[in-house]
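Notes follow the structure.
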Amino acid sequence: MKGLTLIEMNSSLKLIRNIGFIAHIDAGKTTTTERILYYSGKTYKIGEVHEGTATTDWMVQEKERGITITSAATHCKWKGFEINIIDTPGHIDFTVEVERSLKVLDGVVVIFCGVGGVEPQSETVWHQADNYQVPRIAFINKMDRAGADFFTVVDEMKDKLHMVAAPIQIPVYENDEFVGIIDLIQNKLIRYEDKLGEKIIKKIIPDDLKLKASKHRDYLLEKLSEFDDSFMCKVIEGAEIREEEINSTIRKYVILNKFVPILCGASLRNKGIQELLDAIGNYLPYPLEVNGDKISGLFNEKNQENKSPLTLPLCAICFKVFTDPFVGKLFYTRIYSGKISSSSQIFNSSKKQKEKVTKILKMHANKQEVVNEANPGDIVCLVGLKNTTTGDTLCDINHQVLIEEIRFPEPVVSLAIEPKTQSDQDKLFMALTKLSEEDPSFKIAYNRETGQNIISGMGQLHLEIMVDRLIREFNVKAKVGKPQVAYKETITKKIESVGKFIQQTGGRGQYGHIVLLMEPLNKGKGVIFENKMKSGVIPKEYIPAVKEGVEEASCSGILGGYPLVDLRITLIDGSYHDVDSSELAFKVAAEIAVRDGLKKGSSVLLEPIMDIEVSSPSEFISQVIGDLNSRRSKISSIRERKVLRIVKADVPLSEVFNYADALRSLTQGRASYTIEPSYYEKVPNDLLIKILGT
């Protein structure tokens, strides 16, 4: 946009779409992305996930497993639109990739399987999009597969996701073969005449399909008229409604998050992709439509006349950090306002530090294109930053703003890892640090009692991938233990606790005395520290030491040394000595107080409970249910989906390690399952004795 006027820049921005693909694992996100890149001319050959040739699945681990592990950014052009794309993983172990992508995207395409319908991770990513209020369109994929049922999936979407939605396309079959779609807006039949999906014929809807098409078109218009009175009048009067009117109405209410248009296709068979690209341009917002007011509100200078993000100072967020073996750290950044030039200086307002940008890259998966500057709406990679981490706000030093941080889930599985040789010790620590910087849901800790490094993540696959990367990318030789459940500890009642650290050694001693109020919180709140002490009771320079002591004590409870969770710790009183008090004394006093509070508060151990959904042929359902019952599960529902039975249950994580092997054995390999973290619950007393060994 260099050298353009404000009007030209605004016009150019209207053609930018920052979109992502989100879905349950194996719904077809990467396959759809691959077709979009091909039809838009970005690539000259279609890559396939199962062959390990997909553009956005570029990591060795992704090629080997045929799944997406890290979100990949790419871009293409379609009919004048500049589309920035993020292809996200579908596996629950990599949900952090979806979380940080949704933070910066203006719109998303939610892909559903025409056979599987609304699967567990479909619901998860939908609710994540709800949290960030991201406008979305739906694409029902795999309409070529045996058992695909478009209208059943549409009904499931409405029932489970509570959306106001309507198809704007319906599938067409001949002799049970998916051959095309009916466009309900254009009132045309679209047929695909070749395998590559490039030869498309649009024709009048045949007589035998007219009634069906008319019924669903009327339903679409009826749904849209619920939002718009003038549109309703035209529908009631039977007036002709132009294609442009329907499109503009859909666009308006998609952006307001009130309506979801539903499309269909078969990405693997190259059907429905060009129409999906049209829908992305027609219905999803450009950057200023969803973020303009929000970003303008951050800048509240009195003399600021024009609050357009085009003229505002720099405001951007780093949503991902990745280590490139040749370039070094890449900082994936979304620009909201202002611009960044190569060799420019910017300010990290989250860390309160200046940063220097040495290079700006436009990414196409793992391929890089150097650009001179980044403008509002751009998603780019910055090179040269030293202190920036995921979620940090980047801005102009003279106009400091702060964007709300990204919230990441807590890990549920841990394992011990140690270097095979002494020479690998430093390499292991450096590699683990780099991986934890890339992935905020990957945690590292050191167990003082066993002398082991403990790594924690969102699941077995997550940790398996991280260990594989340690060996391959960082050339670290390491030994790993068996996966362990990441238990947590909390208290069950509100109490006051006292921490006193008094030490006399002949000279200057140590004196620290504090009183804490500790109370349990609702699930998922973590540990919150508050200072509500009256001014002057303890000098304010000692308060950070108290907080540090509380945080350190929270990393290791009294029941097996597991971290604390769902707890508010408030500093309410204390005392100090003019000579003997020190930061160290108050830090130790805080640790003593927390441990005292855990004893008084009748602390309990919590275990992660998983939401599991098993799809099994009917003849094996009794074995599946019996096995789940033996694993301390609570079955919430059993429903039918054609020849399958779908069992939904809550089950402790400790009971489903290596569940895949057991399920395969029970059902002759014909069942499948999905699992994701749900909540934490108190460990039963008989199991507690086994865990603690008492």
Under 3.5 Å: donor-acceptor pair, side chain of T490, backbone of S603 = no

inquiry  = Check whether T333 reaches the backbone of F331 with its side chain - one donor and one acceptor, N or O, closer than 3.5 Å.
reply    = yes

request  = Answer yes or no: is there a donor N or O on one side and an acceptor on the other, between the side chain of R17 and the main chain of L284, under 3.5 Å?
outcome  = yes

task = Could you verify whether a donor N or O on one side chain and an acceptor N or O on the other, from T323 and E473, lie under 3.5 Å apart?
result = no

ask   = Measuring from R639:CZ to K648:NZ, what's the distance to the nearest 0.5 Å?
value = 7.0 Å

query = Is the backbone N or O of Q121 less than 3.5 Å from a side-chain atom of H24, with the two atoms forming a donor-acceptor pair by type?
reply = yes

remark   = Distance col, row I36:CD1 vs D87:CG, nearest 0.5 angstrom, shows 9.5 Å

task = Flag the pair V164 / K223 as yes when at least one side-chain heavy-atom distance between them is below 4.5 Å, and no otherwise.
result = yes

ask   = Can you check side-chain contact (heavy atoms from CB on, under 4.5 Å) on R145 and F178, steps first, answer last?
value = CA-CA 9 Å; R145 291 263 303 272; F178 177 54; over 6 Å; no

request  = Would you check if there is a donor-acceptor pair between the side chains of R645 and S618 at a distance under 3.5 Å?
outcome  = yes

remark   = Closest heavy-atom pair, K158 versus A165, reported as atoms and distance to 0.1 Å, is CE-O, 3.5 Å

remark   = From the list R632, K682, K690, K488, salt bridge (Lys or Arg N to Asp or Glu O under 4.0 Å) partner of E607 resolves to R632

inquiry  = Taking the basic N atoms (NZ, or NE/NH1/NH2) and the acidic carboxylate oxygens, is any pair closer than 4.0 Å for D627 and R631?
reply    = yes

query = When you measure from the side chain of E156 to the backbone N and O of G117, does any donor-acceptor pair fall under 3.5 Å?
reply = no

query = Looking only at heavy atoms, what is the nearest atom pair of I86 and S101, with distance?
reply = CG2-OG, 3.5 Å

query = Counting N and O atoms only, with roles assigned by atom type, does the side chain of N141 sit under 3.5 Å from a partner on the main chain of A27, one being a donor and the other an acceptor?
reply = yes

L598 vs I491 side-chain heavy atoms within contact, under 4.5 Å = yes

query = How about F259 and Y253: are their ring centres within less than 6.0 Å of each other?
reply = no

query = Is a side-chain donor or acceptor of K443 paired with a backbone partner of P440 at a separation under 3.5 angstrom?
reply = yes

inquiry  = Please check this pair: side chain of N629 against backbone of G626, looking for a donor-acceptor N/O pair closer than 3.5 Å.
reply    = no

query = From E405 CD over to T393 OG1, what is the distance, rounded to the nearest 0.5 angstrom?
reply = 8.0 Å

ask   = Do the non-hydrogen side-chain atoms of Q128 and I22 ever get within less than 4.5 Å of each other?
value = no

message = The criterion is side chain to side chain donor-acceptor pair (under 3.5 Å); which residues satisfy it with D130, sequence neighbours excluded?
response = R136

key: Salt bridge present between R670 and E619 (N-O < 4.0 angstrom)   = yes

request  = With rounding to the nearest 0.5 Å, note down the distance linking CD1 in I85 to OG1 in T88.
outcome  = 12.0 Å

request  = Answer yes or no: does atom CZ of R472 have more than 12 heavy-atom neighbours from other residues, nucleotides or ligands under 6.0 Å?
outcome  = yes

key: Pairwise side-chain contact, V118 with E123, heavy-atom cut-off 4.5 Å (strictly under)   = yes

ask   = Does F620 reach the side chain of Q668, with side-chain heavy atoms less than 4.5 Å apart?
value = yes

ask   = Which value, rounded to the nearest 0.5 Å, describes the distance between K271 atom NZ and R35 atom CZ?
value = 11.0 Å

note = Tested for side-chain contact (heavy atoms from CB on, under 4.5 Å) against I635, the lone hit among I612, D650, V651, I625 is I625

query = For the side-chain contact (heavy atoms from CB on, under 4.5 Å) test, which of I638, L663, I621 pairs with V614?
reply = L663

ask   = Do E438 and R469 sit within salt-bridge range, that is, some charged N less than 4.0 Å from a carboxylate O?
value = yes

Check: residues 454-463 side-chain donor-acceptor pairs under 3.5 Å, at least two apart:
| from | atom 1 | to | atom 2 | distance (Å) |
| --- | --- | --- | --- | --- |
| S456 | OG | S414 | OG | 2.7 |
| H462 | ND1 | M458 | N | 2.9 |
| H462 | NE2 | D439 | OD2 | 2.7 |

ask   = Of the non-hydrogen atoms in M363 and A365, which two are nearest, and what is the gap between them?
value = CE-O, 3.3 Å

note = For L102 and A129, the nearest pair of non-hydrogen atoms, with its separation, is CD1-N, 3.6 Å

query = Between atom OG1 of T33 and atom CZ of F21, what is the distance when rounded to the nearest 0.5 Å?
reply = 4.5 Å

request  = May I ask you to say whether E97 pairs ionically with K320, meaning some side-chain N is under 4.0 Å from a carboxylate O?
outcome  = yes

Nearest heavy atoms of G114 and M143, plus distance in Å = CA-SD, 4.2 Å

task = Indicate whether the side chain of T32 and that of S267 have a donor and an acceptor atom separated by less than 3.5 Å.
result = yes

inquiry  = Walk me through whether I140 and I262 qualify under side-chain contact (heavy atoms from CB on, under 4.5 Å).
reply    = CA-CA 7 Å; I140 300 179; I262 303 172; 3.7 Å; yes

ask   = Are Y332 and R100 close enough that some pair of their side-chain heavy atoms sits under 4.5 Å apart?
value = no

message = Is it the case that the side chain of N257 and the backbone of Q133 share a donor-acceptor pair, with hydrogens and angles ignored and the cut-off at 3.5 Å?
response = yes

message = So which atom in V254 and which in P135 form the shortest heavy-atom distance, rounded to 0.1 Å?
response = O-CB, 3.3 Å

task = Determine, step by step, whether I379 and F319 satisfy the side-chain contact (heavy atoms from CB on, under 4.5 Å) criterion, reporting the C-alpha distance in whole Å, the side-chain angles of both residues, the deciding distance to 0.1 Å, and the verdict.
result = CA-CA 10 Å; I379 294 176; F319 64 94; 4.0 Å; yes

ask   = F429 versus N453: any side-chain heavy-atom pair under 4.5 Å?
value = no

query = Does NZ in K634 sit with more than 12 non-hydrogen atoms of other residues, nucleotides or ligands closer than 6.0 Å?
reply = no

task = Go through the steps to decide whether L653 and Y680 satisfy the test side-chain contact (heavy atoms from CB on, under 4.5 Å), and finish with yes or no.
result = CA-CA 10 Å; L653 175 61; Y680 273 82; over 6 Å; no

Pair E676-T124, side-chain donor/acceptor within less than 3.5 Å = yes

query = Given side chains that start at C-beta, do those of I168 and Y283 come closer than 4.5 Å, heavy atoms only?
reply = yes

query = Is there a donor-acceptor pair closer than 3.5 Å between any side-chain N or O of E99 and the backbone N or O of I406?
reply = no

